[in-house]
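The structure under discussion appears below in the form of structure tokens.
We count ligands from 1, going down the list as the structure has it; atoms in each ligand are counted the same way.
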Amino acid sequence: MEVVLGSVAGWAMAGLAGVIAVGVYYALCMAGAAEQRGKRAVELGGGSLTREQVKSHYRKYAAFFDKPKQIESPGNVPKLVDTFYNLVTDIYEWGWGQSFHFSPAVPGKSHREETRLHEEKVADLLKLKPGQRVLDVGCGVGGPMRAIAAYSQSHITGITINDYQVARARSHNKKAHLDHLCEVVCGNFMTMPFEDNSFDGAYSIEATCHAPVLQDVYAEVFRVLKPGSLYVTYEWVTTPQFRADNAEHVEIIHGIEHGDALPGLRSYKEVGEIAKAAGFQVLQDRDLALPPAQPWWKRLKMGRLSYYRNHLVIALLSFLGIAPQGVVDVHEMLFKTALHLTRGGETGIFSPMHLLVCRKPA
Ligand SMILES: C=C(CC[C@@H](C)[C@H]1CC[C@H]2C3=CC[C@H]4[C@H](C)[C@@H](O)CC[C@]4(C)[C@H]3CC[C@]12C)C(C)C
Ligand SMILES: C[S@@+](CC[C@H](N)C(=O)[O-])C[C@H]1O[C@@H](n2cnc3c(N)ncnc32)[C@H](O)[C@@H]1O
């Protein structure tokens with residue numbers, strides 16, 4: 001009898017160990033992986049930073065927001081943004097996907113479909129045609145670029161300040177067999193390495209919010225566009241509901257700025273005025289987040305449970321020495337900014353998709 005019980009217990013233990021091993025493997029390698037499974041948890045790192053640099057660079061990044069004067073100095077901003085994307089790019093790809101932006105929710109559609117629709121809207125607004133030369137200002141790892149190139153058959157050149165993103169974007173372009181239509185350049189969109197009047201169209205998706213001086217990046221886009229061409233941008237702004245004398249509003253906006261490397265959010269009114277000051281005719285100036293659009297923050301809110309799971313996975317990986325020290329802090333910062341972004345959406349004081357359609361006069 002004892003022998004039988006002993007062997008049953010042995011099998012039960014072995015079964016339990018097997019279940020735990022599969023669970024740990026799933027948590028480390030699969031859980032929360034990006035929709036396109038471009039990144040696995042065990043591959044989370046610090047972009048172009050060495051493992052040893054992650055913690056200290058995170059501290060430096062956070063310190064910027066303790067001393068707002070540093071952020072106000074325009075020359076410091078691109079470096080700060082570059083550091084930020086070294087810290088977050090892997091986590092974004094793992095937990096969100098290859099397109100680093102929001103999209104209005106669409107009933108019955110998946111996050112990937114919502115994202116694609118929001119990106120194809122850019123191609124439609126630009127009236128893109130096969131063979132045209134188009135600029136993606138602040139291209140990330142190229143999710144939008146690939147969707148727009150595949151949809152329009154135009155040739156897209158993306159620019160990003162972060163060299164780790166350049167490598168990621170090039171690798172994704174190749175894997176998607178779109179490298180004949182998509183190319184990526186590392187550079188600062190405040191001073192772009194492109195000829196005057198050289199593009200048939202340009203767009204920026206949730207990227208120019210990082211510009212220390214918005215008029216300067218708009219002026220650069222204006223310079224490189226051919227006369228008569230269009231520029232479409234999705235801007236992060238405060239809306240007419242924002243009140244500077246409301247403490248909760250101010251806290252939400254500061255939380256968004258801190259967790260998203262922003263030198264200071266602009267208001268919905270400013271962006272159109274700035275585009276005009278840069279020389280553009282503004283053809284459309286409106287918030288795509290307004291009803292009948294469904295909440296863009298829905299996925300952010302619904303993902304709350306998976307963020308806790310992600311946090312456990314990252315803490316475990318960091319404890320085991322697989323993920324660099326500091327990744328836990330970065331993840332915590334993102335968790336907090338997700339709360340601020342959600343509150344920004346719910347209160348209606350913030351939009352990540354204020355649309356401008358601009359034309360460089362013919
Ligand atoms: C345009 C910008 C980025 C917009 C979004 C793509 C990102 C803003 C906040 C990010 C995230 C917040 C919470 C993370 C979560 C804690 C983690 O477990 C998985 C990844 C997140 C969901 C992450 C994903 C990307 C964002 C939604 C800015 C920077 C101008
Ligand atoms: C939130 S991501 C959006 C990326 C992409 N548009 C997308 O939707 O997936 C912002 C992008 O802007 C880029 N960026 C920010 N400041 C920049 C600068 N000064 N010069 C070039 N790129 C910059 C970042 O490197 C990042 O790729």
Any side-chain heavy atom of Met192 within less than 4.5 Å of one from Val185?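 A side-chain contact is absent here, since even the closest heavy-atom pair is not under 4.5 Å.
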
#### Entry: Thr83 side chain reached by Tyr58 side chain, heavy atoms, under 4.5 Å
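In short, these two side chains do not touch, never coming nearer than 4.5 Å.
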
Under 4.0 Å from a heavy atom of [X]: which atoms of ligand 2 are those, numbered in the order shown and with their elements?
X      : answer
Gly140 : 4 (C), 5 (C), 27 (O)
Ser99  : 9 (O)
Gln165 : 24 (C), 25 (O), 26 (C), 27 (O)
His101 : 8 (O)
Gly187 : 20 (N), 21 (C)

Should the pair Arg299 and Trp96 be classed as cation-pi, given the thresholds of under 6.0 Å to the six-membered ring centre and 45° from the axis?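 Judged by the rule (NZ or CZ under 6.0 Å from the ring centre, within 45° of its axis), Arg299 counts as positioned above Trp96.
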
How far is [atom] from its nearest protein heavy atom, and which residue and atom is that?
atom                    : value
atom 4 (C) of ligand 2  : Gly138 O, 3.3 Å
atom 24 (C) of ligand 1 : Trp96 CB, 3.6 Å
atom 19 (N) of ligand 2 : Asn188 OD1, 2.9 Å
atom 9 (C) of ligand 1  : Leu341 CD1, 3.7 Å
atom 14 (C) of ligand 1 : Leu334 CB, 4.0 Å
atom 10 (C) of ligand 1 : Tyr92 CE1, 3.8 Å

- request: Please work out whether the ring planes of Phe194 and Phe199 are parallel, tilted or perpendicular, with thresholds of 30° and 60°.
  value: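 Rings of Phe194 and Phe199: perpendicular, as their planes differ by over 60°.
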
(request) Could you check whether the rings of Phe335 and Tyr308 sit parallel, tilted or perpendicular, using 30° and 60° as the cut-offs? (result)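 Aromatic pair Phe335/Tyr308 classed tilted.
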
Backbone, side chain, both or neither: what part of [X] comes under 4.0 angstrom of ligand 2, heavy atoms only?
X      : answer
His210 : side chain
Phe100 : both
Val81  : side chain
Ala211 : neither

I'd like the name of whichever of [options] reaches closest to [atom] through any heavy atom.
atom                    : options                       : value
atom 10 (C) of ligand 2 : Tyr85, Trp236, Phe84          : Tyr85
atom 23 (C) of ligand 2 : Tyr164, Tyr234, Phe189        : Phe189
atom 29 (C) of ligand 1 : Tyr308, Trp297, Tyr85, Tyr307 : Tyr85

Output yes when a side-chain donor or acceptor of [X] lies under 3.5 Å from a complementary backbone atom of [Y], and no otherwise.
X      : Y      : value
Ser267 : Glu270 : yes
Thr89  : Asn86  : no
Arg146 : Leu178 : no
Ser318 : Ile314 : no

Purely on distance, is any nitrogen or oxygen of [X] under 3.5 Å from one on ligand 2?
X      : value
Glu206 : no
Pro144 : no
Ile161 : yes
Thr160 : yes
Ile205 : yes

Q | More than 12 heavy atoms from other groups under 6.0 Å of NZ on Lys55 | A |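 Atom NZ in Lys55 is packed in, count exceeds 12.
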
Counting only heavy atoms not in Gln325 (residues, nucleotides, ligands), do more than 12 fall under 6.0 Å from its CD?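 Counting other residues, nucleotides and ligands, CD of Gln325 stays at 12 neighbours or fewer.
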
task: Report the C-alpha separation of Glu119 and His101 in whole Å, then their side-chain angles, then the decisive distance to 0.1 Å, and conclude whether the side chain to side chain donor-acceptor pair (under 3.5 Å) test is met.
output: CA-CA 10 Å; Glu119 294 167 347; His101 63 79; 2.7 Å; yes

message = Side chains of Tyr85 and His210: any donor to acceptor distance under 3.5 Å?
response =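 Looking only at side-chain atoms, Tyr85 and His210 do form a donor-acceptor pair, the distance falling under 3.5 Å.
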
*asked:* With no hydrogens and no angle check, just 3.5 Å: does a side-chain donor-acceptor pair link Thr208 and Glu235?
replied: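 Per modelled atom types, Thr208 and Glu235 side chains form a pair under 3.5 Å.
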
Close approach of [X] to ligand 1, heavy atoms, under 4.0 angstrom:
X      : value
Trp236 : yes
Cys209 : yes
His210 : yes

Item checked: Cationic N near anionic O, under 4.0 Å, Arg133 to Asp200 ->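 No, no charged N to carboxylate O under 4.0 Å.
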
I'd like to check atom 21 (C) of ligand 1 in this structure: does the protein have a heavy atom lying under 4.0 Å from it?
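Given the 4.0 Å limit, the answer for atom 21 (C) of ligand 1 is no, no protein heavy atom qualifies.
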
Can you list the atoms of ligand 1 that are under 4.0 Å from a heavy atom of [X]?
X      : result
His331 : 15 (C), 16 (C), 17 (C), 18 (O)
His101 : 6 (C)
Asn310 : 17 (C), 18 (O), 19 (C)

Open item on the list: Check for me whether Gly143 has a heavy atom closer than 4.0 Å to any atom of ligand 2.
Closed with: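 Heavy atoms of Gly143 never come under 4.0 Å of ligand 2.
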
(request) Please determine which of Leu288, Thr238, Asp285 meets the side-chain contact (heavy atoms from CB on, under 4.5 Å) test together with His354. (result)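 It is Asp285; the other options fail the test.
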
If the test is ring-ring contact (aromatic ring centres under 6.0 Å, His included), which one of Tyr268, Trp296, Phe242 qualifies with Phe350?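 Option passing the ring-ring contact (aromatic ring centres under 6.0 Å, His included) with Phe350: Trp296.
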
